[in-house]
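Here the structure comes first, spelled out in structure tokens, and everything after it is commentary.
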Amino acid sequence: MRTHLCGDLRPEHIGETVSVCGWVGRRREHGEHLAFVDLRDHSGIVQCVINDDVDVRSEYVLRITGTVRVRPDGTVNDKLPTGGVEIGDCEVEILRVATPPPFPIDERADDVDENIRLQYRYLDLRRERMQKNLRIRSAINAAVRNSMDDQGFVEVETPMLVPSTPEGAREFLVPSRKEPGSFYALPQSPQLFKQLLMVGGVDRYYQIARCLRDEDLRADRQYEFMQLDMEMSFVDQDDVLDAVSEAVLAAAEAATGERPAPIERMTWHEAMNRFGIDKPDLRFDMELQELTAVFASTEFKAFAGAEAIKGIKVDGGAADYGRNALDKLTDKAKSAGAKGLVWMKATDEGFDSPVAKFLSDDEIVALKAAMEAQTGDLVLIVADDWEPTCEVLGMLRNEIGRPPVHQGPYRYVWIVEFPLFVGRDKETGNPKSGHHPFTMPHPEDIDKFESDPMSVRSIAYDLVLNGWELGSGSIRIHEPELQRKVFAGLGISDEEAERKFGFFLNPFEYGAPPHGGFAFGLDRLVAILAGEDNIREVIAYPKTQSGQDPMTNSPIPGDPKAVEELGLKILPKVD
RNA sequence: GGUCCCGUGGUGAAGUCAGGAGUUCACGCCGGCCUGUCAAGCCGGAGGUCGCGGGUUCAAAUCCCGUCGGGACCGCCA
């Protein structure tokens with residue numbers, strides 16, 4: 001039907017007779033015998049000059065055949081890539097008329113209520129922004145596949161109907177028709193199957209896998225999302241990090257045209273200490289400063305005896321944060337678990353602060369030096385145990401200084417040496433897994449299992465980009481001895497382990513190779529590389545925060561017959 | 001489960017704090033004029049249950065209560 005794409009026409013095509021197909025973006029009529037039509041397809045728009053009286057309106061679908069010609073002097077449009085040429089002597093074929101769209105099919109729809117964009121997603125997708133995002137996504141998928149193929153990985157598809165697993169995210173359940181009362185689950189990840197692929201001798205597996213989790217949605221979370229899932233045999237941590245880095249850097253290069261520098265590494269402990277979070281955004285400073293020594297012998301009760309005292313400095317922030325704003329920050333700090341928040345505004349003499357009178361002159365001087373505080377700076381201080389102190393200041397640091405996620409340079413970082421155990425179960429008091437219970441403990445820390453379990457590190461790692469967690473992985477335990485030891489640390493008995501994880505661990509008896517792997521979220525990577533703050537913008541048909549699809553109105557009530565056939569009974573809703 | 005913000009012709013906004021006739025602006029739409037525009041221009045027109053329900057009031061887009069929908073975040077996401 002067509003010889004060229006609208007956005008591809010250039011002066012080199014002058015004189016050619018071409019056919020282009022697309023939608024009417026805009027028409028400008030100048031009486032009966034002259035009209036300009038901007039015809040749009042995914043490649044861009046081109047101006048068509050129509051001398052006949054043809055009734056074409058917004059979003060009509062046209063095939064236009066005409067001659068490419070140079071635009072008359074003074075009418076070149078520098079804003080358009082095709083702006084040097086136009087199609088003249090046009091023969092217009094109306095392939096389909098169209099109802100006027102509910103919103104303009106251009107960048108002005110960026111401001112339209114997202115619910116309306118999603119209700120008419122097929123129109124939203126016609127826009128340059130969405131076309132660009134879908135194509136970046138496609139390019140990233142292709143680059144990832146190529147990179148994994150080049151590195152000798154084998155793509156294997158794992159099932160979508162899987163057994164329910166006892167731990168982890170809430171699952172979507174699928175009722176079995178043949179066995180009423182029994183259910184499949186949709187996979188939160190191919191974890192079980194990929195590790196068994198290692199037992200199966202696949203050696204290097206990958207999959208661009210759809211994963212599903214029935215947890216509340218966010219800007220960076222959808223019920224269903226895509227992961228580059230991979231697993232490798234006979235490797236250590238460096239092998240996995242190298243392989244994933246290669247794929248991520250190739251994807252970034254495909255999306256931006258520029259290959260990022262090698263990805264730096266940081267231990268979890270350093271990330272917490274310097275940035276107060278395990279997914280630090282390295283695009284801005286405002287690092288946590290160590291103040292414990294400054295107040296080692298303080299009289300100030302809120303600081304005395306605290307395990308850790310740390311502060312952050314907001315350059316020139318004294319003027320920006322009035323009493324009201326500081327109260328809000330304090331509330332936020334408290335709701336994040338802080339006992340309180342001390343704010344101090346640096347002055348020429350010392351500090352303007354409600355607590356300044358409790359501090360000695362030496363402490364004031366030492367504090368100024370430690371924070372490198374200049375007049376006009378705002379200093380925020382938290383004193384508590386080490387971890388909550390770091391976490392609260394990390395939250396405040398992000399709250400105050402973090403740019404939109406797409407802005408500025410891309411800062412990738414590997415966070416390594418995560419703790420094996422994180423927190424304790426409220427009921428049993430047993431430690432909980434940081435990553436999952438099959439994660440390899442750090443060999444140097446194995447003797448600390450009984451004496452100090454919370455300090456045991458693991459061979460688990462996260463990949464972080466601009467403060468977003470892209471994904472995580474670990475070296476897995478492949479020896480039953482060590483697995484038993486970790487289960488013991490988690491308070492899981494042999495019987496419970498057999499009941500909960502036997503189907504997974506028993507195959508390891510047949511010769512599991514040492515192995516490890518990783519999975520990272522493609523939606524998040526695409527969003528950041530496409531300059532979007534929300535993964536819905538890089539997903540063709542996303543769900544709203546309440547899990548609805550305004551276009552299809554799903555979810556919808558089940559057909560009573562189908563429900564009955566599945567052996568289900570719907571109970572009335574209870575509050 | 002929680003905190004905060006938002007809901008006004010097809011679209012985006014102003015009006016809401018401080019109640020007084022569905023008022024205003026821009027875009028779009030329909031009709032007319034117009035032979036070089038490009039977010040074309042000029043003239044005219046249509047289009048609204050101010051998300052929904054209740055309350056207060058002589059009077060509610062505006063105040064109060066409830067509810068629905070959307071968004072950001074916390075919890076949650078081994």
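Note on naming: letters A, B, ... go to the chains in the order of the sequence lines (proteins, then strands), and numbering restarts at 1 for each one.
Taking atom CD1 on A:I105 and atom P on B:C27, their separation rounds to 18 Å, with Å as the unit. The separation between A:R26 atom CZ and B:A39 atom C1' is 5 Å, rounded to whole Å. Rounding to whole angstrom units, CG of residue A:D216 and C1' of B:C77 are separated by 9 Å. Counting to the nearest Å, the P atom of B:C27 and the CD atom of A:E107 are 15 Å from each other. Atom NZ in A:K332 sits roughly 14 Å away from atom P in B:G75 (whole-Å rounding). Between the NZ atom of A:K328 and the P atom of B:U3 there is a distance of 16 Å, rounded to whole Å. One atom, CZ of A:R27, and another, C1' of B:U35, lie 17 Å apart when rounded to the nearest Å. The separation between A:F36 atom CZ and B:A39 atom P is 13 Å, rounded to whole Å.
Considering CZ of A:R210 and OH of A:Y223, their distance stands at 15.5 Å, rounded to 0.5 Å. Interatomic distance, A:H436 NE2 to A:S189 OG, rounded to the nearest 0.5 Å: 8.0 Å. Distance check, rounded to the nearest 0.5 Å: CD1 of A:I64 to CG of A:D89 gives 12.5 Å. The CD atom of A:Q195 sits 9.0 Å away from the CE atom of A:M198 when rounded to the nearest 0.5 Å. Considering CG of A:L341 and NZ of A:K328, their distance stands at 15.0 Å, rounded to 0.5 Å. In this structure, A:Q548 CD and A:N553 CG are separated by 8.0 Å, a value rounded to the nearest 0.5 Å.
The C1' atoms of B:G22 and B:U37 are separated by 37 Å, rounded to the nearest whole Å. Using C1' as the reference atom, B:G10 and B:G19 are 30 Å apart when rounded to the nearest Å. B:A46 and B:U8 are spaced 23 Å apart, taking the P atom of each and rounding to whole Å. Nucleotides B:C68 and B:G53 have their P atoms positioned 15 Å apart, rounded to a whole Å. As rounded to the nearest Å, B:A78 and B:C17 have P atoms that lie 47 Å from one another. Across B:C6 and B:G15, the matching P atoms stand 12 Å from one another, rounded to whole Å. For the P atoms, the distance linking B:U23 with B:C42 amounts to 26 Å, nearest Å. Distance noted for atom P between B:G66 and B:G71: 23 Å (whole Å).
Map A:V76 and A:R213 each onto its nearest nucleotide of RNA chain B; the residue landing nearer the 5' end is A:V76. Nearest-nucleotide positions on RNA chain B place A:E86 closer to the 5' end than the other of A:E86 and A:E29.
In this structure, A:D220 reaches neither bases nor backbone, as no heavy-atom distance under 4.0 Å exists between it and the strands shown. Across all strands, A:T75 comes closer than 4.0 Å to base atoms (heavy-atom distances). A:K432 comes within 4.0 angstrom of no nucleic acid atom, judged by non-hydrogen atoms across all strands. A:G74 comes within contact range of no nucleotide atom at all, as no heavy-atom separation falls under 4.0 Å. A:N115 comes within 4.0 angstrom of sugar-phosphate atoms only, judged by non-hydrogen atoms across all strands, and of no base. Backbone-only contact: A:S546 has heavy atoms under 4.0 Å from sugar-phosphate atoms and none from a base. As judged by a 4.0 angstrom heavy-atom cut-off over every strand, A:A35 is placed among residues making no nucleic acid contact.
Checking B:C33 for Watson-Crick or G-U wobble geometry (two distances, each under 3.5 Å) identifies B:G41 as its partner. Base pairing of B:U23 is made with B:A14, judged by Watson-Crick or G-U wobble geometry with both donor-acceptor distances under 3.5 Å. Pair assignment for B:U3 gives B:A72, based on Watson-Crick or G-U wobble hydrogen-bonding distances that are each under 3.5 Å. Applying the Watson-Crick and G-U wobble criteria (two distances, each under 3.5 Å), B:U56 pairs with nothing in any strand. Look at B:U67: its Watson-Crick or wobble partner, with both distances under 3.5 angstrom, is B:G51. When both distances must be under 3.5 Å, the Watson-Crick or G-U wobble mate of B:A46 does not exist.
Side-chain proximity of A:A169 to B:G69, B:A78, B:C73: nearest is B:A78. Of the candidate nucleotides B:C38, B:G71, B:C29, B:G71 has the atom lying nearest to any side-chain atom of A:Q545. Distance from the side chain of A:R221 is smallest to B:G75 among B:G75, B:G70, B:A78. If you check B:C38, B:C73, B:C77 against the side chain of A:L80, the one that comes closest is B:C38. Picking from B:C38, B:C76, B:A78 the nucleotide with the shortest atom distance to the side chain of A:E215 gives B:C76.
Taking the 5.5 Å centre cut-off and the 30° plane limit, the aromatic side chain of A:H435 is not classed as stacked on B:A78.
Using a 4.5 Å heavy-atom threshold, the side chains of A:N398 and A:F275 count as separate.
Among the candidates A:R524, A:R127, A:R129, the single residue satisfying the salt bridge (charged side-chain N to carboxylate O under 4.0 Å, His left out) test with A:E537 is A:R129. The only member of A:K543, A:R121, A:R536 that meets salt bridge (charged side-chain N to carboxylate O under 4.0 Å, His left out) when paired with A:E114 is A:R536. The only option from A:R26, A:R27, A:R28 that meets the side-chain hydrogen bond (donor to acceptor under 3.5 Å, both in side chains) definition with A:D38 turns out to be A:R28.
Not a single donor-acceptor contact under 3.5 angstrom links the side-chain atoms of A:R117 to the base of B:G70. Side-chain to base pairing of A:R71 with B:C38: one donor and one acceptor N or O lie within less than 3.5 Å of each other.
No close placement of the A:F418 and A:H269 rings is indicated, their centers lying 6.0 Å or farther apart. Centroid-to-centroid, the aromatic rings of A:H478 and A:F438 stay 6.0 Å apart or farther.
Using cut-offs of 30° and 60° for the angle between ring planes, the A:Y461 and A:F518 rings count as parallel.
Other residues, nucleotides and ligands place no more than 12 heavy atoms under 6.0 Å from the CD atom of A:E91.
Judged by the 6.0 Å distance and 45° axis criteria, A:R397 is positioned over the aromatic ring of A:F284. Annotation: cation-pi pair A:K485/A:F449 present, NZ/CZ under 6.0 Å from the ring centroid and within 45° of its normal.
Within residues 37-61 of chain A, the residues approaching RNA chain B are A:Q47, A:R57, A:S58, by heavy-atom distance under 4.0 Å. Sorted by residue number, the list of members of residues 466-477 of chain A with any non-hydrogen atom under 4.0 Å from RNA chain B is empty.
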Could you go through nucleotides 7-11 of chain B and list every protein N or O atom that sits under 3.5 Å from one of its N or O atoms, giving the distance for each pair?
| unit_1 | atom_1 | unit_2 | atom_2 | d |
| --- | --- | --- | --- | --- |
| B:G10 | O2' | A:P102 | O | 2.9 |
| B:U11 | O4' | A:P102 | O | 3.2 |

